[in-house]
Amino acid sequence: MDKVQLEERVKELNQLLHDTGYAYYVLDQPLVPDAVYDQYLQELIAIESEFPDLIYPDSPTQRVGGTILQGFNKVAHTYPMLSLSNAFGREDLDDFDRRIRASIGDDFSYVCELKIDGLAISLTYENGVFVRGATRGDGRVGEDITENLKTIRSIPLRLKKPVTMELRGEAYMPKKSFMALNESRVEQEEEKFANPRNAAAGSLRQLDPKIAASRNLAIFVYGIGGDGEAYQLDSHAEALDYLDELGFQTNKERKTCHSIDEVQAYIEKWTTKRPDLPYEIDGIVIKVNRYVHQQELGFTAKSPRWATAYKFPAEEVVTTLLDIELTV
Ligand SMILES: NC(=O)c1cc2c(=O)c3cc(F)ccc3oc2nc1N
């Protein structure tokens with residue numbers, strides 16, 4: 001092939017790998033067998049190694065960087081990453097609901113989401129290309145962990161539309177990956193991680209992206225920085241559907257609720273179903289749906305007034321009497 005034909009083939013392979021990667025990692029519906037995916041990847045790696053000028057920054061071959069970082073740069077979030085207030089029972093939920101109604105009246109809806117027990121992350125895209133990812137940090141400044149986040153296959157390196165936006169998401173380690181990781185750590189005589197959240201945090205703090213890439217991390221995106229008006233979005237529910245269209249992994253268990261009773265029913269449903277989920281959740285996030293209402297409700301110094309997190313009761317640790325040396 002001459003250079004022009006090579007350039008065409010590289011473009012074609014990039015598109016093929018993006019589309020098959022999206023189907024496999026985001027939709028969980030493989031378009032081609034793994035062997036075919038690997039064949040495309042190997043062909044692209046071969047051309048790129050011979051013609052480095054044909055390497056696109058968002059080429060799938062760039063997901064796992066080569067260099068080991070010396071440390072993480074600090075990065076300021078365009079929109080502060082705040083934290084959620086907590087609700088521990090029905091009374092707290094009723095108080096939350098009463099405060100909302102007192103402020104915006106009765107004509108509104110909630111969106112309920114599973115509260116993924118991972119690490120809050122911000123993702124920045126410029127003209128549809130993934131340019132930076134960071135931890136929450138203190139809410140205003142986080143650590144730049146772009147290289148590690150690139151290794152998460154469900155984070156698109158290029159979006160289906162050339163939009164510029166800053167997103168919020170929760171990076172997590174699926175339960176199965178957590179169990180396998182701890183088994184291998186025991187074999188290597190290394191200390192086990194206490195829970196998937198710590199394992200995900202530890203993995204994203206690795207200075208060597210190859211280690212992060214080996215940890216099978218995943219992410220659910222759950223919000224757009226700012227109030228969405230730049231994308232002509234009227235509500236949070238619409239924003240999540242828009243993120244699906246752009247090629248992101250959002251959590252599909254979300255539900256629009258029209259009363260706190262419906263919210264309570266959603267909480268009870270997922271309190272029961274929680275053990276069957278392939279990832280850890282530590283509660284349910286409840287958000288007022290329409291952006292105009294969120295703007296009216298505003299924020300306290302550290303939390304949005306338009307959202308709260310119902311937290312599951314901490315699982316009491318049952319210490320069997322047999323474990324306790326009875327000192328008489
Ligand atoms: N862990 C989560 O699954 C999750 C977390 C948050 C937040 O932390 C959060 C913090 C805010 F200030 C505003 C909205 C939020 O929405 C959120 N939505 C979620 N689904």
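No hydrogens, no waters, no symmetry mates; every other heavy atom, side chains included, goes into these values. Each ligand, and each atom within it, is numbered from 1 in the order the structure gives. Throughout, residue positions are numbered sequentially from 1 according to the sequence presented.
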Would a hydrophobic clustering, with Ile, Leu, Val, Met, Phe, Trp and Tyr connected at side-chain separations under 4.5 Å, put Y22 with M165?
no
Without placing hydrogens or testing angles, list every side-chain donor-acceptor pair under 3.5 Å for residues 190-204, not counting sequence neighbours.
residue	atom	partner	partner atom	Å
N195	OD1	R197	N	3.1
N195	OD1	N198	N	2.7
R197	NE	G118	O	3.3
S203	OG	A199	O	2.6
S203	OG	R215	NH1	2.9

Atom pairs, nitrogen or oxygen, ligand 1 to protein, under 3.5 angstrom:
residue	atom	partner	partner atom	Å
ligand 1	1 (N)	I116	O	3.1
ligand 1	1 (N)	E170	OE1	3.3
ligand 1	3 (O)	L114	O	3.4
ligand 1	3 (O)	I116	N	2.8
ligand 1	16 (O)	K287	NZ	3.1
ligand 1	18 (N)	K287	NZ	3.0
ligand 1	20 (N)	E113	OE1	2.9

Going by the rule salt bridge (Lys or Arg N to Asp or Glu O under 4.0 Å), which residues pair with D95 if we only count those two or more places apart in sequence or in a different chain?
R98
Under 6.0 Å between the ring centres of Y310 and F88?
no
Could you go through F248 and F220, starting from their C-alpha distance and side-chain angles, then the distance that decides it, and tell me whether this counts as ring pair (Phe, Tyr, Trp, His ring centres under 6.0 Å)?
CA-CA 8 Å; F248 287 105; F220 285 119; over 10 Å; no
Quick one: list whatever passes salt bridge (Lys or Arg N to Asp or Glu O under 4.0 Å) with D117, sequence neighbours left out.
none
